[in-house]
Amino acid sequence: MKKIILSVLCCLLATTSVSAQRNKSNSRPQPKNNEVELTVLANRNERFTVYIDGVPQSNKSGSKFTIYDITPNQMHDVAVVVERPIRYLLYTEVSLRAGKYEMEVYADSRDKYAELYFTEERPTRGAGYRSTRHHYADNYGNDNRYGTHTTPPVPPQPAVPQYCSETDIAVIISSVSKEPFDDTRLNYLKTVTVAKQPFLVEQIKRIAEKFAFDNPRMEYVQYAYQYCIDPENYFTLTDLFVHKSDKDKLLKFIQDNQRRK
């Protein structure tokens, strides 16, 4: 009977040992040669959750996550939902070669700014990364995919500069064409240019073409420079003049004004 009990105990111990070794091997403490290991950690104890291709990597928020299930050399969505100190969604697309990587999460509740970035240690030797979409941060509401928006919110676009409308340009050109003399055209345009600023170089060119002589045309072009929205293209107005001396005069005027800025 004792021999039977000892045999059973030996079998149990052997099974336990095999199970422990199997669990230890599943922990994957180090990436293999063909694996990606990505660690995402907080810069200042921020609490967050991580999503890879829309799949949550944990069932609760934390300040550090290590992710192994990333296919090398393929584009992946990396999304981080910051819970504290302020709620943000950070998003980027990366393609990683096999190796170890580290990304940090930074969120500032005072400035309402957040960032997701690779640390200075990135990547370890022999590895690399590629990003095709820059990270961005935005406050979020309630939704499904990331616990936020189904698709990441579009970053705010810079304001488009406003300039004189084509309707106003048509009226200006029509009015200038009705003036019988260049001096009256010039006086009218100096007034309307201030009122309808700013102008594109192309618009200034169309107006300047209505002058009969080069001297008042040059005076108008030089006057309108300060009301132009794209002065880097001002050199194209040399096409308004036939004589090289006038072209050189305008170029010198442009250079002098560029130096003053």
key: Cation over ring face, Lys190 and Tyr220, 6.0 Å, 45°   = no
Ion pair Asp246/Lys249, N-O distance below 4.0 Å = no
message = By the definition side chain to side chain contact (heavy atoms under 4.5 Å, CB included), identify the one residue from Leu41, Thr92, Val50 that meets it with Met103.
response = Thr92
ask   = Hey, are Asp256 and Lys252 close enough for a salt bridge, meaning a charged N less than 4.0 Å from a carboxylate O?
value = yes
query = Should the heavy atoms of other residues, nucleotides or ligands under 6.0 Å from CG of Asp248 be counted, would the total exceed 12?
reply = yes
query = Given side chains that start at C-beta, do those of Phe48 and Ser61 come closer than 4.5 Å, heavy atoms only?
reply = no
ask   = Does His76 reach the main-chain N or O of Thr71 with its side chain, forming a donor-acceptor pair under 3.5 Å?
value = yes
query = Checking Asp230 side chain against Val201 main chain: does a donor-acceptor pair fall under 3.5 Å?
reply = yes
inquiry  = Quick check: closest heavy atoms across Phe241 and Asp214, and the distance to 0.1 Å?
reply    = CE2-O, 3.8 Å
ask   = Got a second to check how far Gln255's CD is from Asn257's CG, nearest 0.5 Å?
value = 10.5 Å
request  = Please assess Val80 against Tyr51 for the test side chain to side chain contact (heavy atoms under 4.5 Å, CB included), listing each intermediate value before the final yes or no.
outcome  = CA-CA 6 Å; Val80 173; Tyr51 296 76; over 6 Å; no
ask   = So, Asp182 side chain and Phe213 main chain: donor-acceptor pair closer than 3.5 Å or not?
value = yes
ask   = Is a side-chain N or O of Gln57 found less than 3.5 angstrom from the main chain of Val55, in a donor-acceptor match?
value = yes
ask   = So, do Tyr101 and Leu96 sit near enough that their side-chain heavy atoms are less than 4.5 Å apart?
value = yes
task = Check whether the side chains of Tyr117 and Asn43 place a donor and an acceptor atom closer than 3.5 Å, and report yes or no.
result = yes
More than 12 heavy atoms from other groups under 6.0 Å of NZ on Lys196 = no
ask   = Hey, any chance Val221 and Tyr227 share a hydrophobic cluster, counting ILVMFWY side chains that come within less than 4.5 Å of each other, even indirectly?
value = no
query = So, does Glu209 use its side chain to make a donor-acceptor pair with the main chain of Leu240 at under 3.5 Å?
reply = no
request  = Measure across Pro72 and Ala98 and return the closest heavy-atom pair with its distance rounded to 0.1 Å.
outcome  = CB-N, 4.1 Å
message = For a 4.5 angstrom cut-off between non-hydrogen side-chain atoms, does Asp53 reach Ile70?
response = no
Side chain to side chain, Glu102 and Phe118, heavy atoms closer than 4.5 Å = no
message = Could you see if Tyr223 belongs to whatever hydrophobic cluster contains Tyr188? Use Ile, Leu, Val, Met, Phe, Trp, Tyr and a side-chain cutoff under 4.5 Å.
response = no
ask   = Looking at CG of Asn233 and NZ of Lys205, how far apart are the two atoms once the value is rounded to the nearest 0.5 Å?
value = 11.0 Å
message = Checking side-chain polar atoms at under 3.5 Å, does Thr66 have a donor or acceptor matched by the opposite partner on Thr39?
response = yes
request  = Report the C-alpha distance between Leu38 and Phe65 in whole Å, list the side-chain angles of each, state the deciding distance to 0.1 Å, and finish with yes or no for side chain to side chain contact (heavy atoms under 4.5 Å, CB included).
outcome  = CA-CA 8 Å; Leu38 174 63; Phe65 296 94; over 6 Å; no
Test item: Ser165 side-chain N/O and Asp168 main-chain N/O as donor-acceptor pair under 3.5 Å = yes
Stepwise side chain to side chain contact (heavy atoms under 4.5 Å, CB included) test for Val78 and Glu93 = CA-CA 6 Å; Val78 179; Glu93 287 181 338; over 6 Å; no
Listed pairs under 3.5 Å, donor-acceptor, residues 171-179 side chains, sequence neighbours left out:
from   : atom 1 : to     : atom 2 : distance (Å)
Ser175 : OG     : Val171 : O      : 2.9
Ser177 : OG     : Ile173 : O      : 2.8
Glu179 : OE1    : Thr184 : OG1    : 3.3

message = Would you say CG of Asn45 has more than 12 non-hydrogen atoms from neighbouring residues, nucleotides or ligands within 6.0 angstrom?
response = no
request  = Would you give the length of the straight line joining atom CD of Glu46 to atom CD of Glu104, rounded to the nearest 0.5 angstrom?
outcome  = 9.0 Å
message = Applying side-chain hydrogen bond (donor to acceptor under 3.5 Å, both in side chains), can you list everything that pairs with Arg206, at least two apart in sequence or on another chain?
response = Glu166, Glu202
key: Minimum side-chain heavy-atom gap Ile204-Cys228 below 4.5 Å   = yes
key: Heavy-atom pair with the smallest gap, counting every atom of Leu200 and Tyr163   = CD1-CE1, 3.4 Å
ask   = Arg97 and Asn73: which non-hydrogen atoms are nearest, and at how many Å?
value = CG-OD1, 3.3 Å
Short side-chain to backbone donor-acceptor contact, Gln222 and Glu219, under 3.5 Å = no
request  = Taking the six-membered ring for Trp and the single ring otherwise, decide whether the centroids of Tyr234 and Phe253 are under 6.0 Å apart.
outcome  = no
